[in-house]
Structure formats: C-alpha cells, structure tokens
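Excluded from the calculations below are hydrogen atoms, water molecules and symmetry mates; all remaining heavy atoms, backbone and side chain alike, are included. Every number for a ligand or one of its atoms is a count from 1 in the order of the listing.
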Amino acid sequence: MSHPVTLIPGDGIGPEVAAAARRAVDATGVKIEWETAELNADVILKTGESLPKHVIESLDRTRVGLKGPVTTPIGGGYTSVNVALRKRLDLFANVRPVRSLPGVVTRFQDVEIDMVIFRENTEDLYSGLEHEVVRDVVTSLKVITRTASIRIAEYAFRFAESAGRKKVTAIHKANIMKLADGLFLRCAREVAARYPHIEYTELIVDNAAMQLVIRPEQFDLLLLPNLYGDIVSDLAAGLVGGLGVVPGANMGEHHAVFEAVHGSAPDIAGKGVANPTAMMLSSVLMLIHLNEHAAAKRLQSAIEKVYAGRRHMTRDVGGTAGTNEFTEAVIAALG
Ligand code: NAI
C-alpha cells in the first residue's frame with residue numbers, strides 16, 4: 001500500500017532538510033506518493049495569498065504533510081503562513097518529543113532527557129489580533145478558550161496513558177494572567193482529575209524555565225499554551241543539542257503535518273551544512289502516524305546509530321559533516 005503525503009519543502013534550509021528526510025523515508029522501503037507543494041516567500045508574494053490554495057487542496061487530499069520551515073518577516077510584511085496553516089487545518093496539538101541523542105556533546109550529556117511537549121497550537125497570543133489604539137499604543141489580544149484548553153489537555157493525558165508516561169506538568173502564568181492562564185489551568189485540572197493514575201503538577205512558566213535548566217530529568221510531559229510552548233520548546237531543544245535535532249507534529253482531527261521545531265535558518269541556508277535530523281525524526285513521527293511502525297523504528301535506530309558512531313555529525317552538534325554526508329550515513333545505517 002502506498003501513502004499519499006504532501007511534501008512542503010518551505011524555504012531557507014527547508015528544501016535541503018526536506019530532501020534529506022524524503023530520501024531517508026524512501027530508503028526505509030515504505031511506499032510514499034509524494035505530492036510536492038511549494039510554500040515559500042516567493043509563492044506568497046507572487047500569489048498574494050498568505051496560505052496559497054494549492055497547499056490546502058493537496059493537504060485535503062493527502063491528510064498528511066511533511067513540512068520544511070517557512071520564513072516569516074519580522075515586525076511587518078505578510079502574516080505567518082505556519083500559524084495560518086495550523087489554524088486553517090485546526091492542527092490543535094503541537095507535539096514535540098525532546099530526547100537525548102547518543103554521541104551529541106551538550107552541557108547536559110550526563111543527564112537522560114526524555115520529555116514530550118504538548119503545545120496548544122491555535123490561539124493564545126498567536127491569535128494575531130493586534131491593534132494600534134492610538135499612535136504608539138498597541139494592544140495584542142491573548143485568546144484562551146475552554147474548548148481549545150480542554151482539547152490539548154485531553155490530547156496530552158491520552159498520550160500519557162497510551163505511551164505509559166507517568167507525569168504531566170502544566171505550565172502557566174496564572175498568578176498574573178488570572179483569567180486567561182487561570183482558565184487554561186482549570187481545564188488542565190479538570191482533565192487531570194479523570195486520569196488519577198497519572199501524576200499532575202503545575203509550574204509557573206518562569207520557574208519552569210529555571211527548572212528545565214537545573215533539573216531537566218524531572219520532566220515527562222509538558223502541557224502549555226501556545227506562546228510558552230513555543231519558547232519552552234527551543235529551550236528544551238538546547239538541552240539535547242539544539243534546534244537541529246528536535247522534531248515535531250502538528251495534529252488535528254483530520255490532518256497531521258510533521259515539521260521540525262526549527263525555522264528556516266537563513267544564516268546557513270544554501271550552504272549544505274544544515275542538520276536534517278529534526279526533519280528525519282519528524283518523518284519518524286509521520287511513519288508512526290501512517291502505522292508504519294517497523295519502518296519508523298528502523299529509521300530512528302539508524303539515526304541513533306550514526307550519532308553513536310560520532311563520525312558523520314553536522315557542525316551544529318560538534319561534527320564536520322554536511323547535510324549530504326549525514327544523510328548518506330543514515331541511509332547506509334538503514335541497511
Ligand atoms: P531558526 O530556527 O531558523 O534558527 C535559529 C538558529 O538555529 C540559527 O543559528 C540556525 O542556524 C540554527 N539552526 C536551526 N535549524 C538548524 C538545523 N537544522 N541545522 C543546523 N542549525 C540550525 O530560528 P530563527 O532565526 O528565529 O528564525 C528564522 C526564520 O524561520 C524566521 O523567519 C522565523 O519566522 C521562521 N520560523 C519558521 C518556523 C516554521 O516554519 N515552523 C519555526 C520557527 C521559525
């Protein structure tokens with residue numbers, strides 16, 4: 001059986017890491033009908049659509065996407081297509097597993113880190129509701145709803161249960177944003193009460209940032225509203241080797257789009273040095289979603305084997321290999 005998948009190369013390092021991930025997936029022997037959909041700054045400016053129709057049409061057909069990063073201009077210009085895509089397809093759960101990799105030298109290499117971040121993906125300060133009240137006075141609306149908060153909490157606890165995980169930590173700032181984060185927290189508590197066998201704890205986001213650096217091994221599953229989830233994901237990535245090694249999944253009721261945590265990395269784009277691990281590990285999550293568990297396991301093990309060997313690691317994790325050399329090594333390790 002062959003699986004239709006929309007491949008969105010994106011821009012910056014996107015096309016390089018997407019091509020590497022595609023090669024690795026194909027090398028597992030799983031049959032994928034790749035449908036490439038261009039989504040990048042050029043297409044957005046040319047079509048004038050922040051979310052071009054052909055991308056949505058393809059994802060509506062395939063229901064599954066593997067996506068490279070897309071640049072968002074800072075402080076002006078078009079709105080984020082990444083955020084627009086998540087909203088348009090109601091990809092409400094952003095799931096980001098953060099795990100130590102063998103062979104990667106980090107400040108935390110002696111600690112076994114294995115946590116999964118559940119970031120609400122559709123609202124919060126990402127609502128894009130900004131308004132200049134009068135000149136030099138701007139408001140930006142933080143939207144938190146019961147529906148979205150219950151939905152992400154349910155998703156996290158269901159995952160905890162099915163994966164045999166022990167603890168969920170909700171992260172918030174309800175001491176200050178008593179109504180908005182207070183609602184998020186009430187929903188998390190309500191769902192937690194239905195899972196008495198899973199430990200439930202809460203941390204204020206600033207304390208959580210410190211705890212993550214001081215004692216990262218205490219964390220199992222993290223449950224966060226959108227903005228804290230975004231920031232904490234990058235912090236957590238830093239614990240295990242950086243943005244080059246952390247994958248992600250955007251999950252909705254009807255669609256799933258897999259993408260790395262990192263962005264388009266304009267500083268290294270086109271140089272052939274980007275680390276494709278995060279995209280490859282996102283492909284592992286995609287293979288699991290497609291019920292191709294054996295292939296997912298083989299690809300994950302091949303990546304870990306390359307890291308354990310330490311000879312083909314990319315620059316960002318202390319090696320000297322380029323994107324291609326790492327990719328070839330993973331394909332060779334697949335056997
Ligand atoms: P970034 O993740 O692109 O880069 C941050 C740093 O990490 C850079 O030094 C970069 O070289 C390094 N890095 C990232 N991925 C790497 C990889 N695979 N291998 C080696 N090094 C890697 O974050 P930044 O600079 O904040 O954002 C750049 C652009 O990406 C912005 O336009 C932003 O909006 C966009 N972005 C897009 C995302 C998406 O499409 N889902 C997610 C995050 C950012």
Pairs involving residues 14-23, ordered by first then second residue, that meet side-chain hydrogen bond (donor to acceptor under 3.5 Å, both in side chains) (sequence neighbours left out):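 Output for this query lists Arg23-Glu328.
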N/O donor-acceptor pair under 3.5 Å between Ser127 side chain and Leu141 backbone: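 Confirmed, Ser127 side chain pairs with Leu141 backbone.
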Contacts of type side-chain contact (heavy atoms from CB on, under 4.5 Å), residue Glu304, not counting sequence neighbours: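 Here the qualifying residues are Arg99, Leu101, Pro102, Gln300.
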Close aromatic pair by centroid cut-off 6.0 Å: Phe184 and Tyr228: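 For Phe184 and Tyr228, the ring centres are not under 6.0 Å apart.
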Non-hydrogen side-chain atoms of Leu179 and Met177 separated by less than 4.5 Å: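 A side-chain contact is absent here, since even the closest heavy-atom pair is not under 4.5 Å.
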Neighbouring protein residues of ligand 1 - any heavy atom closer than 4.0 Å: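 Residue list for ligand 1: Ile13, Lys67, Pro69, Val70, Thr71, Thr72, Asn82, Arg86, Leu243, Gly244, Glu259, Val261, His262, Gly263, Ser264, Ala265, Pro266, Asp267, Ile268, Ala274, Asn275, Asp316.
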Hydrophobic cluster partners of Ile231 (side-chain heavy atoms under 4.5 Å):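 Once heavy-atom contacts under 4.5 Å are chained together, Ile231 belongs with Val83, Leu125, Tyr126, Leu227.
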